[in-house]
Amino acid sequence: MVDGIDGDKREKAGITRRRFTLGVIIASVAGAFGSLFALLKVLSPEKKGGGYVTTIQPGDKLVYAKGGNMGAPLRASSLNVGDAVLAFPAGKSSNPANLVQVIKLQETEFKPPMHLNLTDRGFVAYSAICTHLGCTVSWVKNQQAPAASYTECFCHNSIFDPSRGAKVMGGPAPIPLAQIGVKVADDGTLVFTSDFTGPIGPQVG
Ligand code: FES
C-alpha cells in the first residue's frame, strides 16, 4: 500500500515536471516568434487596409533611390524620353512604401485613365511597389521606340502601361500602380505635388 502511494506521488511529480518543461518550450517558441515578428515589422513598410502607408507630402523633393547618385536630387534634364528611374522623397527613404518610378515620356502619348493634371512636361510617377505581391517594378526600355517602353514586375511578369495610368496589360497584378503628382520646380529639380491616387502595395490575399 505504501509503495502504491509513493508510486502515485512519483508519477504525479513526473507529470508536473513534463508539464513544466513543455510550458518552458512553448513560452520559448512564442518568444522567438514574437521577436521574429517584431523584426519583420521593422523591415517591412507599415500596412493599413491591405496596402502600405506612405509618408510623401506635396513639396517633397525627389532623390535617386539607388546607384552612384543615390540621395542626390533628381533633375528633369537628366531624363530623356523613354527613361525611368527609381526615386524616394528626400529624407524619407527609410519607408520602402515611398518608392516611386519616375518616367519621362512624350506628353502627346498620355491617354486616360492617366491623371494629366499630375504630370508635367512628360514626367509621370507611379508607385514602384507591385500591386500583386509587393515586388519592386522594373523599367523595360524600347531602344528603337522609347515611347513604347513599359513597366514590368519580373516576380510574376505583370506589365503596366505607363502612358495609360499604369493600367495592367498582363500578369496577375489586380489593379494599376497608383499615380502620384510630380512637377519640375524652378531650379530644374522634380518635386511631388500630391498624394497617391490609390492604394499602395499588394492588393491580393
Ligand atoms: S509581385 Fe509583381 S507580379 Fe507578382
Side-chain angles (χ1 to χ4, degrees), residues 33 36-56 60 62-67 69-70 74 79 81-89 92-105 109-115 118-119 122-182 190 192 194-205:
F33 271 111
L36 180 62
F37 178 74
L39 178 64
L40 289 176
K41 195 164 164 40
V42 168
L43 296 177
S44 305
E46 287 293 318
K47 281 188 170 184
K48 183 179 173 188
Y52 294 151
V53 175
T54 67
T55 52
I56 300 176
D60 284 347
L62 284 84
V63 297
Y64 287 92
K66 60 179 196 176
N69 291 329
M70 191 166 75
L74 180 55
L79 294 185
V81 170
D83 288 342
V85 294
L86 293 174
F88 276 120
K92 298 180 179 177
S93 61
S94 60
N95 181 357
N98 287 339
L99 188 64
V100 300
Q101 187 181 53
V102 186
I103 303 162
K104 167 86 173 182
L105 291 172
E109 299 289 326
F110 291 165
K111 296 182 178 63
M114 165 79 75
H115 296 272
L118 300 183
T119 70
F123 286 97
V124 59
Y126 299 102
S127 167
I129 313 296
C130 183
T131 56
H132 180 220
L133 295 179
C135 291
T136 300
V137 298
S138 299
W139 182 242
V140 181
K141 184 168 181 177
N142 185 324
Q143 299 291 352
Q144 280 70 44
S149 305
Y150 58 90
T151 298
E152 180 163 1
C153 176
F154 291 121
C155 282
H156 311 96
N157 302 111
S158 286
I159 295 174
F160 304 89
D161 185 342
S163 299
R164 297 170 187 264
K167 186 175 171 184
V168 180
M169 304 303 288
I175 63 171
L177 303 165
Q179 191 179 342
I180 188 166
V182 287
L190 283 158
F192 289 104
S194 74
D195 197 355
F196 286 101
T197 55
I200 306 303
Q203 304 298 312
V204 298

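Scope of the values below: all heavy atoms of this structure, side chains included, with no hydrogens, waters or symmetry mates. Whatever order the structure lists ligands and atoms in, that order sets their numbers, starting from 1. None of these values were measured; they are calculated from a predicted model.
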Query - Side-chain donor or acceptor of Lys92 paired with backbone N/O of Thr55 under 3.5 Å - result: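 It does hold such a pair.
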Query raised in the report: Ignoring water, what protein N, O or S atoms are under 2.8 Å from atom 4 (Fe) of ligand 1?
Result: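 Correct list: His132 ND1, His156 ND1.
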Query raised in the report: If you measure SG to SG, does Cys153 sit under 2.5 Å from Cys135?
Result: no
Query - side chain to side chain donor-acceptor pair (under 3.5 Å) partners of Gln101, counting only residues at least two apart - result: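 By the side chain to side chain donor-acceptor pair (under 3.5 Å) rule, Gln101 matches Thr151.
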Requested in this report: Of all the heavy-atom pairs spanning Phe160 and Cys130, show the shortest one and how long it is.
Outcome: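 That closest heavy-atom pairing would be CZ-SG, 4.1 Å.
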Report task. Can you sort out the partners of Lys66 under salt bridge (Lys or Arg N to Asp or Glu O under 4.0 Å), two or more places apart, ordered by chain and number? Result -> none
Query raised in the report: Residues in salt bridge (Lys or Arg N to Asp or Glu O under 4.0 Å) with Lys141, at least two apart?
Result: Asp83
